[in-house]
Amino acid sequence: MNLHDNITTLKNLGPARAKAFARAGVFSILDLLNFLPRDYEDRSVITPIADILPDLPFTIKAKVALAPKNSGFGRTAVTSAILEDESGRIEALYFNQPYMKNALQKGEIYYFSGKVILRADKLQMQSPDITKLSGNPLNACRIIPVYPSGLGFSQKLIRGYIKDALDLCLNELTDNLPEKITLKYQIMSRREAISNIHFPKSRDFFLKARERLIFEEFFTFQIALRALKGAVKKQITHIKIIDDDYNGLNIPFQLTNAQKAALKQIIADIKSGHPMYRLVQGDVGSGKTIVAAIAAYLAIKNGCQAAIMAPTEVLANQHFESFTRLFEPAGITCCLITGGISAAEKKAAYYAIQSGQAQMIIGTHALIQDKTLFGNLGLVITDEQHRFGVNQRIKLSQKSSAPHVLVMSATPIPRSLALVLYGDMDISVIDELPPGRKEIDTFALTTAYRKRVYNFISEQIKKGRQAYIICPSIEDGGKLDIENVLDYAAMLKDTYLKGQSIAVLHGKMKPAEKQEIMDSFVKGDIDLLVSTTVIEVGVNVPNATVMVVENGERFGLSQLHQLRGRVGRGSDKSYCILFSDSESAMSKERLSAMEKTGDGFLISELDLKLRGPGDFFGTRQHGLPELKIGDIVRDAELLAKAREAVMEYFDDIENNGEIVLDEFIEAVAKGF
Ligand code: ADP
Ligand code: MG
């Protein structure tokens, strides 16, 4: 038998059960070995009956003292058995399992594991799991694994399959970590880890096994990112940027010092002869777009194309407009490619992009599709990088050979996460907002304040300002306490904000419709936009001064910070109101944190702490790799260790001149 054999080669594992396993992503024996327990039960300690206490689970080794008895019928059937060991007696009860009467044989010794309760002054064991003294020791006298439920068959069966798989194939498992590293970091071997993650010899063995698997996961991911950077850095790019004068651009403001500093680093990168591989991180509104635009201008001025990829159509359209405004006077042709443009427009765009006629290309995911071929792409920019997966970032840079890569992220990312997401990218931080910005006043309120807020919006509109209201859903989903865009807008039009120009915006609208609404909002024809989070990233309407979020508890802190960043972009005082009636202490803490600070880095650290990394970017956002076992917060120390190991590994490769990088890059482009 072999690791890659189908699990149906195991004893007693027929097609029906194989199908259940398939739903859990388990096909081969190797998959089964990687099917990890979700929990464990410690049955390694056998307690004398005299020592057990109520309300806790215990394992006892006891004889069935009398023949078990059944009472009641059907659903009310109760089986009672008296168990005894040298220290005393206890009653075990089974409900609605009349067959237990025959399963338990008088005079026989079993291990019983189950919860103990106190009833009418007597201790009882409820529905304990039994294992005959002579039976399979997998289920007793040890720490036993508990697998994810939902397969539709018992834990005992799953344990049996896993045990068989371990017995038959464990020896075939090879170690995928270099020996030098497992030795230096005292990492358990893969074989031992897989064996102990299922059936730990002890708590210590379990901890070492888990540590090994987490280390391996972090190591693999980071090595791929490092490989990517290493590969990029070593390349010699044919894209030579010599002329770094951008006076030809008519920039309507003075760059901030932080923008200038980032730009200086970018210019040094693109002139270095090696591809740039840089992340520009800056809080919402810090002015990343202009920095990217200048870089694009220089690339184009030196004879190549530049492309910028945005996560939403709304943002791509907005970039198209601002790039066109900036670039057209300088004689540069811009081209938009999104899912929303017509087939004829797309065809024209493909042609313009491939022929090189289009110099600045702005788009959504449409940019990385196979059909989009570039003539001479020299600089690729990803905006709001955290909304894209690592693989998408790689795909875009594969559109050309050794292009310069610039990624921008508005979500300030805690260091631990930055390491995972960006590997060893060079990072520029824009830590300064353009002058004249006023702090955004933030209020976390219950919905009892709605009327006052509507009055306030009305006043702001009278002053010529504009506002956003964000609802979590598009239409009535049947849940009473979740606001939806359609009903909400209708309600406001009929009542509190009668006569104002109110429009709705959401993800189910056609791209052209969305665009039309955004255009009117930018022009000021619309006073109030009732929207889902489609406007969350990047949208820039400086005249908007009020951001209201309904069901504030349903959004991540970083997401709320992004939403708040839609206002306060002009010179007028701006406000953010977060409504929530949630009683949960965690929600209250999160929303009050928003009131207290406007610092995106603080917010992201807090968000990560409160929510854990899985939810960090909200459910729609997939920038994070899906880690199976590691947790970036809980296992921060291991993450750092794995990172150190990766660096050493790379030093070794460099010294030995081995080239294995392509393989890693392929792996990441496919997976994660
Ligand atoms: P973000 O970093 O969130 O992408 P943007 O690039 O959209 O921010 O910039 C936000 C707003 O600030 C835009 O209206 C932009 O024109 C303006 N802006 C950017 N840099 C400056 C500056 N140095 N001085 C004044 N306004 C600026
Ligand atoms: Mg932006």
Side-chain angles (χ1 to χ4, degrees), residues 246 249-264 266 278-297 308-327 360 362-364 381-388 406-413 427-440 465-466 468 518 521-524 533-545 547 558-572 574 576 598-601 603-604 617 621 623:
Y246 54 90
L249 276 184
N250 186 12
I251 303 169
F253 41 71
Q254 276 274 321
L255 294 184
T256 62
N257 286 331
Q259 284 170 321
K260 281 186 200 153
L263 197 58
K264 202 169 152 194
I266 291 171
R278 182 171 291 278
L279 164 71
V280 174
Q281 200 174 56
D283 212 344
V284 277
S286 61
K288 294 180 292 296
T289 317
I290 189 66
V291 173
I294 295 170
Y297 174 76
I308 180 166
M309 177 162 73
T312 64
E313 295 243 353
V314 168
L315 187 53
N317 285 320
Q318 180 188 294
H319 278 332
F320 179 63
E321 271 160 34
S322 39
F323 276 80
T324 306
R325 217 177 311 125
L326 191 65
F327 281 6
M360 179 72 223
I362 296 115
T364 51
I381 305 166
T382 319
D383 193 15
E384 306 294 348
Q385 162 59 37
H386 59 284
R387 298 290 300 267
F388 294 100
L406 187 62
V407 308
M408 304 195 289
S409 185
T411 304
I413 289 171
I427 300 185
S428 301
V429 179
I430 303 188
D431 53 1
E432 178 186 6
L433 294 180
R437 293 281 168 77
K438 299 198 181 79
E439 205 167 296
I440 302 165
R465 303 285 87 78
Q466 290 161 283
Y468 301 93
M518 272 322 289
F521 192 64
V522 170
K523 268 193 252 150
T533 53
V534 289
I535 58 110
E536 172 198 338
V537 290
V539 167
N540 187 32
V541 179
N543 189 46
T545 54
M547 166 60 67
S558 297
Q559 208 177 2
L560 289 175
H561 183 63
Q562 273 278 351
L563 286 167
R564 177 167 62 185
R566 297 314 105 216
V567 298
R569 304 192 137 238
S571 50
D572 296 296
S574 292
C576 173
D599 180 332
F601 274 96
I603 288 172
S604 75
F617 293 125
Q621 304 178 3

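Here the structure is a predicted model, which is why all the values come from computation and not from measurement. Remember, it's 1-based here, ligands and their atoms both numbered in the order they're listed.
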For residues [X] and [Y], determine if any side-chain heavy atom of one lies less than 4.5 Å from a side-chain heavy atom of the other.
| X | Y | value |
| --- | --- | --- |
| Val534 | Thr312 | no |
| Tyr468 | Val539 | yes |
| Asn543 | Arg465 | yes |
| Val284 | Arg564 | no |
| Met518 | Asn317 | no |

For ligand 1, the portion of Leu255 having any non-hydrogen atom under 4.0 Å away: backbone
Given that the side chain starts at C-beta and the backbone is N, CA, C, O, which of these parts of Arg569 lies under 4.0 Å from ligand 1, counting heavy atoms, or is it both or neither? side chain
Looking only at non-hydrogen atoms, the one of Gly282, Gly568, Ala258, Gly287 nearest atom 8 (O) of ligand 1 is Gly287
May I ask you to check whether Val284 has an N/O atom sitting below 3.5 Å from an N/O atom of ligand 1? no
Under 3.5 Å, N or O to N or O, is Gly285 touching ligand 1 that way? yes
Subset of ligand 1 atoms that lie under 4.0 Å from at least one heavy atom of [X]:
| X | result |
| --- | --- |
| Thr289 | 4 (O), 5 (P), 6 (O), 7 (O) |
| Thr256 | 23 (N) |
| Gln254 | 22 (C), 23 (N), 24 (N) |
| Asn540 | 13 (C), 14 (O) |

For Lys264, does the NZ atom have more than 12 heavy-atom neighbours from other residues, nucleotides or ligands under 6.0 Å away? no
On a heavy-atom basis, the closest approach of Ala316 and Ile362 is O-CG2, 3.4 Å
